[in-house]
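Have a look at the structure below before the remarks.
The first residue in the sequence is number 1, and the count goes up from there. The structure presented is a predicted model; accordingly, all values stated were derived computationally and were not measured.
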Amino acid sequence: MSGPSASPSPELARINAPGPDEPFDINVDDTTFGKLGPWLQAYGDIIAITPHKRRKPALLLNHPEHVKQVLVSNHKNYAKGVGFERVAMLLGNGIIVSDGDFWRSQRRMIQPVFHKKIIAQLALMMQRCNEQKLEQWQQKATDGTVIDLTQEMSALALEVILRALFSEDLDRLIAEQGENPFTMLVDDVTRDLKLAMRFRALTKHVASIMQQRREQNRIELDFLSLMMETRDKDTLQPMSDKALIDEVMTIIVAGHETTAGTLNWAWYLLSQHPQIEQTLHVEVDALPADPGFDDLGALSHTHRVIDETLRLYPPVWLFSRKAIESDVFKRSKGSDVDVPAGTDIFLSPYFLHRNAQHWPNPDTFDPDRFNDANIRERNRHVYFPFSLGSRRCIGEFFSLVDMQLHLGLLTRYIRLEHVATEPVEIEPLINLRSRHSIMMRPHNRTP
Ligand code: HEM
C-alpha cells in the first residue's frame, strides 16, 4: 500500500477525496478485504479508489452521515451498483437486483407477505425444525460426536426458508426427486457461473409447484401462495410467472446464507465467551420448555447476542450503489466531496461496524452495546447489517425471529464446545462466511 498521497492523480483531484495512488478493482474477495481496512486508517472515512479500466474513481464511505445520505435521505439518487450483475445471474430480476418502477411495484406487492402476522404463523414451522435439530444434537452429545456447525446451520437455514416458501410441497418434491434438489446450495460452497446455471435449473421445480397449486386450486399459508395471490395496488394485476419465480429464487438466496452465517458465528462467539453464554442461559432457562413467537419479548439478551454477532460479522459486508445525478458529501473536517453523476459508491457494514471512532474496543464481543441506553447514545446510521431506508432487507424480521427461536430453544438444552481443527477465519465473498467449517462438540445441559 502506498502512503497518503501528497499530489493526487488528476482523476482523484477531480473527485476531491484522498485515496491510494494504485489502481484497484473493489470486489468481494480477500484482496479487497485486506486492503480496505488499512486504506480507511490511512485516508479517513471517505476515500477515492480508481479501478484499473476506468478513469472514474469509486468512493468508499465509512461515515454514518454519508451512509444515511446514500441509503435514506437522498436514496432516490442512488441505484444498485457494480457487482449486482453477478447476483442477477442467479436471481434474474428479483427485488434485490431490480431498480426503479419495477422494483417499487414488486416491493409493494411482496411487503405484505412479510407481515408480522404471517411470520407469527411461520414461527411454528421454525420451532418444528429447531426441535428436530435439538433431538439430533442431543443424540450426538450422548454419543460424543463432533458436528460440522457451519454445514448444519446452512442446512437448517435452507430448510426453514424452503418450508416458508413451499410448506409441505417441499416434502412432495423431495419424495419425487429422491432428494432435495436445493441442497446444492449447502453442498456447493463456490458461487461461480456453473453454480448459477445449476441453480437457475431449479426454477423448473418452482414452476411445477405453482402449476400444481393452480390445478388443485390450493392456497397454502406460505410465501409462495401469498406471492401468487398478491396484486399490484394500482393495476390490480398479479406478478408474471417469470417475476414470481425470480422472487422465489431471490428469497432463497437472500434468506439462506445470511441467516446460516449469522448463526454459525453466534454459536462460535458464545463458545468463546462463557460469561455471555451464562447470561443467555439464565434468560432461556426462565422460558417455557419450547419457546415460541409469544416468548420473543423475553429473549432480549438473545436478541442482543444476535445484534452483536451481526455487528462483528455482517453477512453482507460490502455493497454498492451508483450515483444517478451529482451529489455532495459534507465533511466536518476538510472540504466537501463532490460526487459526479455515475460515481460508484461502496458501503461496508463490516468496516463501519468496527470503526473505533464509533465503537469502543470495536473487536470485542459485547452484546450490551445493544441495550437501550447505548443504542440511544449512538448515531443510528453507524449500524446497518440489514441496510437502511426503503431498500432495507425485507426479511429482517423473519430472520430475527428465526435466529431468536433457534438460540432460545437450542441453548436451553445444548452447549457447544469449539473443537479447534482449523483456524477460525473470515472468508469475505458475497457473504462473509467462515473459511473453514467450525467444528463443535455438543454437550447436553439441563435448564
Ligand atoms: C441475517 C440475515 C440477513 C441479513 C444480514 C440480510 C441483509 C440484507 C442487506 C444488507 C440487504 C440490502 C442489500 C442492498 O441493498 O444492496 C438485504 C436485502 C434483501 N434481503 Fe436480506 N438479509 C438477511 C436475511 C434475509 C431473509 C431471511 C430474507 C428472505 C426471507 C431476505 C431477503 C432480502 C431481500 C428480498 C432483499 C432485497 C430488498 C429490496 O431491495 O427491496 N434477507 N438483506
Side-chain angles (χ1 to χ4, degrees), residues 1-5 8-9 11-72 74-75 77-84 311 314 316-324 326-359 362 379 381-385 387-389 391 426 428-430 432:
M1 190 194 82
S2 59
S5 115
S9 63
E11 292 85 3
L12 297 188
R14 204 166 69 76
I15 213 163
N16 188 30
D21 283 331
E22 62 178 285
F24 184 76
D25 299 322
I26 298 181
N27 215 328
V28 277
D29 59 19
D30 281 315
T31 318
T32 298
F33 191 73
K35 295 263 186 193
L36 295 190
W39 279 345
L40 288 166
Q41 282 286 327
Y43 301 112
D45 50 26
I46 173 160
I47 64 180
I49 299 170
T50 309
H52 276 103
K53 287 200 183 131
R54 274 188 263 169
R55 293 169 57 77
K56 246 190 191 163
L59 285 178
L60 172 67
L61 307 178
N62 200 38
H63 192 284
E65 288 309 315
H66 300 148
V67 168
K68 177 181 171 192
Q69 187 170 334
V70 170
L71 296 179
V72 186
N74 197 20
H75 72 93
N77 191 45
Y78 293 93
K80 287 275 168 157
V82 289
F84 280 96
R311 182 185 71 82
V316 185
W317 66 279
L318 180 72
F319 59 97
S320 67
R321 292 291 188 266
K322 194 181 268 296
I324 298 169
S326 63
D327 199 0
V328 178
F329 292 125
K330 300 225 171 287
R331 291 197 296 180
S332 52
K333 276 190 226 139
S335 45
D336 297 345
V337 174
D338 293 322
V339 185
T343 300
D344 289 320
I345 305 283
F346 289 90
L347 305 168
S348 171
Y350 179 88
F351 287 106
L352 191 50
H353 290 180
R354 291 188 185 232
N355 184 326
Q357 278 173 33
H358 306 285
W359 304 93
N379 182 320
H381 301 99
V382 81
Y383 181 70
F384 62 121
S387 184
L388 297 164
R391 299 211 64 154
I426 284 173
L429 303 179
I430 287 187
L432 189 148

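- In this structure, Asn16 and Arg331 approach most closely via the heavy-atom pair O-NH2, 4.3 Å.
- In this structure Asp30 satisfies the salt bridge (Lys or Arg N to Asp or Glu O under 4.0 Å) test together with Arg435, sequence neighbours excluded.
- Across all their heavy atoms, His381 and Asn379 have their closest contact at N-OD1, 2.8 Å.
- Every pair passing ring-ring contact (aromatic ring centres under 6.0 Å, His included) that includes a residue from residues 326-348 is listed here, sequence neighbours excluded: His66-Phe329.
- With sequence neighbours excluded, no residue forms a salt bridge (Lys or Arg N to Asp or Glu O under 4.0 Å) with Asp327.
- With a 4.5 Å cut-off on side-chain heavy atoms, Asn62 and Leu36 do not count as touching.
- Distance CG/Leu60 to CH2/Trp39: 9.5 Å, rounded to 0.5 Å.
- Nearest heavy atoms, Val382 versus His353: O-CD2, 3.4 Å.
- Between Gly34 and Pro38 the shortest heavy-atom distance is O-CD, 3.2 Å.
- In this structure, the side chain of Thr32 engages the main chain of Asn27 through a donor-acceptor pair within 3.5 Å.
- At a threshold of 4.5 Å between non-hydrogen side-chain atoms, the residues Tyr78 and Leu71 do not count as touching.
- When all heavy atoms of Ser320 and Val82 are compared, the pair lying nearest together is OG-O, 2.6 Å.
- Between Leu352 and His358, the closest side-chain pair of non-hydrogen atoms falls below 4.5 Å.
- When all heavy atoms of Ala48 and Pro20 are compared, the pair lying nearest together is O-CD, 3.4 Å.
- Taking Arg321 as the reference, nothing meets the salt bridge (Lys or Arg N to Asp or Glu O under 4.0 Å) condition, with sequence neighbours excluded.
- With values rounded to the nearest 0.5 angstrom, Ile49 atom CD1 is found 12.0 Å from Asp21 atom CG.
- In this structure, CG in Asn355 is found 7.5 Å from CG in Asp45, a value given to the nearest 0.5 Å.
- Trp317 places a side-chain N or O within 3.5 Å of a backbone atom of Leu429 that can act as its donor or acceptor partner.
- When the salt bridge (Lys or Arg N to Asp or Glu O under 4.0 Å) test is applied to Asp25, no partner is found at least two apart in sequence or on another chain.
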Inset, instruction - Evaluate the criterion side chain to side chain contact (heavy atoms under 4.5 Å, CB included) for residue pair Leu318 and Ile26; output intermediate values, then yes/no. - result: CA-CA 10 Å; Leu318 180 72; Ile26 298 181; 3.7 Å; yes
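- Of the inter-residue distances, the one linking Leu61 atom CG with Leu40 atom CG reads 10.0 Å to the nearest 0.5 angstrom.
- In this structure, a donor-acceptor pair under 3.5 Å is absent between the side chains of Gln69 and Asn77.
- At least one side-chain heavy atom of Phe319 sits less than 4.5 Å from a side-chain heavy atom of Pro349.
- We find the CZ-CZ distance between Arg354 and Arg311 to be 7.0 Å, quoted to the nearest 0.5 Å.
- In this structure Lys68 satisfies the side chain to side chain donor-acceptor pair (under 3.5 Å) test with no other residue, sequence neighbours excluded.
- In this structure, Phe33 CZ and Leu432 CG are separated by 5.5 Å, a value rounded to the nearest 0.5 Å.
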